[in-house]
There are 2 protein chains.
Amino acid sequence: MSVRVVVADDQELVRSGFSMILDAQPDIEVVAEAGDGAEAVAAVERHAPDVLLLDIRMPVMDGLEAARRVCAGSACKVVMLTTFDLDEYVYEALYAGASGFLLKDVRRDDLVHAVRVVAAGDSLLAPAVTRRLVADIVRRRHEEAAADVTPRRLEVLTAREVETLRLLARGLSNSEIATTLFVSEHTVKTHVSNVLSKLGLRDRVQAVICAYETGLVAPGSP
Amino acid sequence: MSVRVVVADDQELVRSGFSMILDAQPDIEVVAEAGDGAEAVAAVERHAPDVLLLDIRMPVMDGLEAARRVCAGSACKVVMLTTFDLDEYVYEALYAGASGFLLKDVRRDDLVHAVRVVAAGDSLLAPAVTRRLVADIVRRRHEEAAADVTPRRLEVLTAREVETLRLLARGLSNSEIATTLFVSEHTVKTHVSNVLSKLGLRDRVQAVICAYETGLVAPGSP
DNA sequence: GGCGTTCTCCCCCGCACGGGCGAGGCCGCG
DNA sequence: CGCGGCCTCGCCCGTGCGGGGGAGAACGCC
């Protein structure tokens, strides 16, 4: 059973070139071509192909919008094609639901391979795109790691003071903190005062902000 | 100029199989083999190859640790190989600095292709891995988008009240907010009171928490 | 012209908060 | 053993904060 493909590109030469390469494969069949995004969406609706090869820059409706509609309305996999591998294009394409992202200077073997991979339900990116994507992931991790390190500002605090600050940052009053920690309210006030003076803060409001900024508490955690 | 490769795998048959495939290429040269992580690190130091093919599960020192050391101490690119494409392996490998991540059932053409891609400075992942990585990225985006919607809780507030809340959440006192907004302190107190009653909060501390939780202010923004 | 909303300003009052100053028990360290 | 840090608790006091009530001006809407 062969893979049915629709090719969409506003440049007729590019379009027919890709079609010829794919049609030359015994297990791939190009069932339609499209010259803009609207035609591409219509062709997918009519032919229900397995894979849509989609240029990003196209008249009438651009490739990203077409990708969104196709991915939302059918089981057809989308492979984006572009001359420029701008990061914004990549992310927009992935958010739109694309399964592949290739540059137009792709080798014919890689193109054929990509169609087979996405038809099988997997994903595939151009190596240069993969490299930047991986770099982004690692960068995020480093930022998160840096955020984990920031609480070193809090290491001047004792364990009890940190505990007090944590409850403080959840909106508890001194008396509520006292009840929670099974101590007197005065003890809580002492801890709070120590926290404020040690961190150079003015009041409990600034303490709450500090707790969020250092990551002691995080949005969404409660 | 050929690509110099080191192959590291504790299973002798797998190792020599990969080596034979790669050595058969005119532009690839296997300069050493290693049976564990420590040997792999030593081989890289001795031969300074362009690419290290590295199994994850190995005795003495596992592939992830070896990848960390190699990536930290040399310009050698690392391609991880594993039988199981567990997500944790993938992320750990990327954090370690790997440029490639393949499954051991890889086709010989793809293996050769991967070596050439990473030697050129790009990255390459197995299609199944790419698919999950992309899914993760899209999921993150959706979570962030959901976070953007949350501030609907704040739409009961007037523009002035939101502005007051924003300053409040940055640690300003009523008098400081008054100075910033060019109004009297009484006016600020009125706004603050309105914010508290409209949102069902008790004091300015809970207002700060609300500002962070709804995303009105975010950690790292000041 | 009425009406509601918003922004502004004023009064008084109660209280939680924060600072100062002191003190006792517990534990680890030199 | 003495010393210092931490946790605990106490009292006094000034003030920033929050609630209540009231009110005028500007704006848009019907």
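Just so we're on the same page: letters track the sequence lines, and every chain starts at 1.
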Practice task
Using only heavy-atom distances, decide whether a donor-acceptor pair under 3.5 angstrom links the side-chain of His186(A) to the base of dC11(D).
Solution key: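 A donor-acceptor contact between them is present.
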Is the backbone N or O of [Y] less than 3.5 Å from a side-chain atom of [X], with the two atoms forming a donor-acceptor pair by type?
| X | Y | value |
| --- | --- | --- |
| Glu161(A) | Thr158(A) | yes |
| Arg4(B) | Asp50(B) | no |
| Gln206(B) | Arg202(B) | yes |

Could you give the [atom1]-to-[atom2] distance, from [X] to [N], as a whole number of Å?
| X | N | atom1 | atom2 | answer |
| --- | --- | --- | --- | --- |
| His191(B) | dT5(C) | NE2 | P | 17 Å |
| Arg160(B) | dA26(D) | CZ | P | 16 Å |
| Gln206(B) | dG18(D) | CD | P | 10 Å |
| Glu163(B) | dT6(C) | CD | P | 16 Å |
| Asn194(B) | dG19(D) | CG | C1' | 12 Å |
| Asn174(A) | dT8(D) | CG | C1' | 15 Å |
| Lys189(A) | dG18(C) | NZ | P | 9 Å |
| Leu167(B) | dC17(D) | CG | P | 13 Å |

Handout entry: Test: Asp55(B) and Lys104(B) ion pair at under 4.0 Å
Key = yes
Problem - Residue-phosphate contact under 4.0 Å: Thr187(A) side-chain N/O, dC7(D) OP1/OP2 - result: no
Practice task
Compare side-chain N and O positions of Thr158(B) against OP1 and OP2 of dC7(C) and report whether any pair is under 4.0 Å apart.
Solution key: yes
Handout entry: Closest to the Arg204(B) side chain, choosing from dC7(C), dC17(D), dG18(C)
Key = dC17(D)
Exercise for the section: When you get a sec, tell me which of dC17(C), dC9(C), dG18(C) is the closest nucleotide to the side chain of Val183(B)? Expected result: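 Closest nucleotide to the Val183(B) side chain: dC9(C).
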Applying a 4.0 Å non-hydrogen cut-off, can you work out what [X] is touching in the nucleic acid: base, sugar-phosphate, or nothing?
| X | result |
| --- | --- |
| Ser197(B) | nothing |
| Ser184(A) | sugar-phosphate |
| Ser173(A) | sugar-phosphate |

Fill in the blank from the handout: When Asp203(A) and Lys198(A) are each assigned the nearest nucleotide of DNA chain D, the 5'-most assignment goes to Lys198(A)
Practice task
Work out which heavy atom in Leu201(B) is nearest to a heavy atom in Ala207(B); give both atom names and the distance.
Solution key: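 Of all heavy-atom pairs spanning Leu201(B) and Ala207(B), the closest is CD1-CA, 3.6 Å.
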